[in-house]
Asks: 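Following this message is one structure expressed as structure tokens.
To find a chain, count down the sequence lines: A is the first, B the second, and so on, and within it residues start at 1.
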2 protein chains.
Amino acid sequence: MTKAHPTLTERCRQEGLRLTGPRRVILQVLEASDDHPDVEELHRRVEAIEPGVNIATIYRTVNTLAEHGLIERHSFADGRMRFEIVPETHHDHFINVETGEVVEFRSDEIERIQEEIARQYGFDIVSHTLDIYVRPRKG
Amino acid sequence: MTKAHPTLTERCRQEGLRLTGPRRVILQVLEASDDHPDVEELHRRVEAIEPGVNIATIYRTVNTLAEHGLIERHSFADGRMRFEIVPETHHDHFINVETGEVVEFRSDEIERIQEEIARQYGFDIVSHTLDIYVRPRKG
DNA sequence: CTCATATATGCGAATCACTCGCATCTAAGC
DNA sequence: GCTTAGATGCGAGTGATTCGCATATATGAG
């Protein structure tokens with residue numbers, strides 16, 4: 001029986017990345033986050049577990065992890081970068097403009113239409129981001 | 001006979017914005033741009049028409065115009081903000097990852113599905129961005 | 001047409017998110 | 001236990017954007 005999801009730590013090993021003290025904590029925090037924290041928020045969460053980790057290390061680590069394809073970068077309208085573990089299957093995001101909360105959704109239909117349109121234009125899709133800014137429906 | 005598109009200048013007047021020298025040039029440049037220039041590029045184009053306009057003025061002006069709904073801000077993967085006149089009908093963007101070129105497209109079907117999904121989640125859509133990073137199809 | 005004043009502008013300093021240089025440290029292979 | 005490539009801490013540096021403030025100017029009132 002293979003595990004459904006190898007952990008980030010396992011994937012780091014596979015990628016030949018060193019498992020240092022600070023890095024282990026960062027991985028643990030990422031595993032435990034089901035929202036889309038930015039670097040400052042990650043730093044806060046890391047500091048809560050083990051103080052003394054420099055914020056530059058968080059920046060470097062998320063960059064390394066993203067380069068190795070273990071996490072995804074997002075930049076919503078607030079400017080800073082946000083991160084999440086690369087999901088099993090791609091999804092897009094609702095961003096609640098009143099609270100900043102992020103909700104994931106997926107539409108196979110939208111994915112399909114994108115492919116179709118890209119083909120019409122003579123493009124291959126490398127990646128895409130669909131961010132829908134919303135507010136709770138009234139009434 | 002009403003004009004199909006009021007010019008930016010006309011819309012500024014409607015919004016009670018002052019038409020100063022520098023601002024007129026910025027508006028003219030925006031009207032003439034059918035790409036998605038960033039602030040530096042706008043500054044370059046403005047300087048070519050009338051030197052001496054400070055880049056801070058470009059920043060302030062695009063912010064003012066965006067707040068008044070006359071232009072749209074975009075931030076593609078390169079980090080800086082890019083602008084375009086608010087289009088007649090909404091469109092999304094292909095970004096050629098090899099050249100940085102931006103191509104507009106529109107899909108009523110995608111728009112419709114977005115609305116449908118948002119409704120299912122109990123949201124009203126405020127706005128959205130769909131950026132598809134592509135490369136020219138080979139073979 | 002002139003004046004008053006709310007708005008814009010130019011300029012340099014400040015800010016914000018992020019990156020880098022470099023000395024030190026340490027994980028992981030031998 | 002060594003060795004060494006790779007990781008870290010820290011402070012300085014960057015690049016895009018914003019701000020403070022003195023000056024200038026567009027626009028409406030008279």
Asks: Check the phosphate of D:dT8 against A:N54, side-chain N and O only, distance under 4.0 Å to OP1 or OP2. Yes or no?
Replies: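 No.
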Asks: Check whether the side chains of B:H74 and B:E72 place a donor and an acceptor atom closer than 3.5 Å, and report yes or no.
Replies: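 The answer is yes; a qualifying pair exists.
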Asks: Looking only at heavy atoms, what is the nearest atom pair of B:E50 and B:V25, with distance?
Replies: OE1-CG2, 4.0 Å
Asks: Look at the side chain of B:R60 and the base of D:dG20, then say whether one donor and one acceptor between them are separated by less than 3.5 Å.
Replies: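 Result: at least one qualifying N/O pair found.
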Asks: If you pin B:I26 and B:R18 to their nearest nucleotides in DNA chain C, which one's is more 5'?
Replies: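 First, find each residue's nearest nucleotide; the 5'-ward one identifies B:R18.
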Asks: Hey, would you say the A:H36 and A:F83 ring centroids sit under 6.0 Å apart?
Replies: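 Centroid distance A:H36-A:F83: not below 6.0 Å, so no.
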Asks: Indicate whether OP1 or OP2 belonging to C:dG10 is found under 4.0 Å from a side-chain N or O atom of B:T57.
Replies: yes
Asks: Of all the choices, D:dA7, C:dG10, D:dG9, which nucleotide is nearest to the side chain of B:P22 once you look at every atom?
Replies: C:dG10
Asks: Pick the closest DNA chain D nucleotide for B:G79 and for B:G21 by heavy atoms, then say which residue is nearer the 5' end.
Replies: B:G79
Asks: Can you identify which nucleotide, out of C:dT19, D:dA7, C:dC11, has its nearest atom closest to the A:R23 side chain?
Replies: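 Closest nucleotide among those given: D:dA7.
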Asks: D:dA16 C1' sits how many Å from B:I58 CD1, rounded?
Replies: 15 Å
Asks: Measuring to OP1 and OP2 of C:dA17, would you say a side-chain N or O of A:S75 lies under 4.0 angstrom away?
Replies: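 The answer is no; no side-chain N or O of A:S75 sits under 4.0 Å from OP1 or OP2.
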Asks: Under 3.5 Å, is there a donor-acceptor pair between the B:S33 and B:R45 side chains?
Replies: yes
Asks: In whole Å, what is the span from the CG atom of B:L27 to the P atom of D:dA26?
Replies: 14 Å
Asks: Would you kindly compare B:L17 and B:I55 by the position of their nearest DNA chain D nucleotide and give the one closer to the 5′ end?
Replies: B:I55
Asks: Any donor-acceptor pair under 3.5 Å linking the side-chain atoms of B:E84 with those of B:H91?
Replies: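 Note: B:H91 and B:E84 side chains meet the donor-acceptor criterion.
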Asks: So does A:T20 get a side-chain nitrogen or oxygen closer than 4.0 Å to the phosphate oxygens (OP1/OP2) of C:dT26?
Replies: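 For C:dT26, neither OP1 nor OP2 has a side-chain N or O of A:T20 closer than 4.0 Å.
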Asks: So which nucleotide from C:dA17, D:dT8, D:dA16 ends up closest to the side chain of A:Y59?
Replies: C:dA17
Asks: Whole angstroms only, please: what is the CG-C1' distance between B:L19 and D:dA24?
Replies: 16 Å
Asks: For B:D78 and D:dT17, give me the distance from atom CG to atom P, rounded to whole Å.
Replies: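 One finds 9 Å between P of D:dT17 and CG of B:D78, rounded.
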Asks: What is the distance, to the nearest angstrom, from the CZ atom on A:R13 to the C1' atom on C:dA28?
Replies: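 From A:R13 CZ to C:dA28 C1': 10 Å.
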Asks: Identify whether any heavy atom of B:T64 sits under 4.0 Å from a base atom; if not, whether one sits that close to sugar-phosphate; answer base, sugar-phosphate or nothing.
Replies: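 Nothing, no nucleic acid heavy atom in range.
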Asks: Looking at every heavy atom in both B:I95 and B:G100, which two are closest together, and how far apart are they?
Replies: CG2-O, 4.2 Å
Asks: What is the distance, to the nearest angstrom, from the NE2 atom on B:H43 to the C1' atom on C:dC11?
Replies: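 About 12 Å, once rounded to whole Å.
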Asks: Between B:A56 and B:G16, who's closer to the 5' end of DNA chain C by nearest nucleotide?
Replies: B:G16
Asks: Rounding to an integer number of Å, can you tell me how far B:R80 CZ sits from D:dT18 C1'?
Replies: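 Spelled out: CZ on B:R80 to C1' on D:dT18 is 18 Å.
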Asks: In whole angstrom, what separates B:R73's CZ from D:dA16's P?
Replies: 17 Å
Asks: Whether B:N63 contacts D:dT17 is assessed here as follows: a side-chain N or O lying under 4.0 Å from the phosphate OP1 or OP2. Is that the case?
Replies: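 No, no such contact exists.
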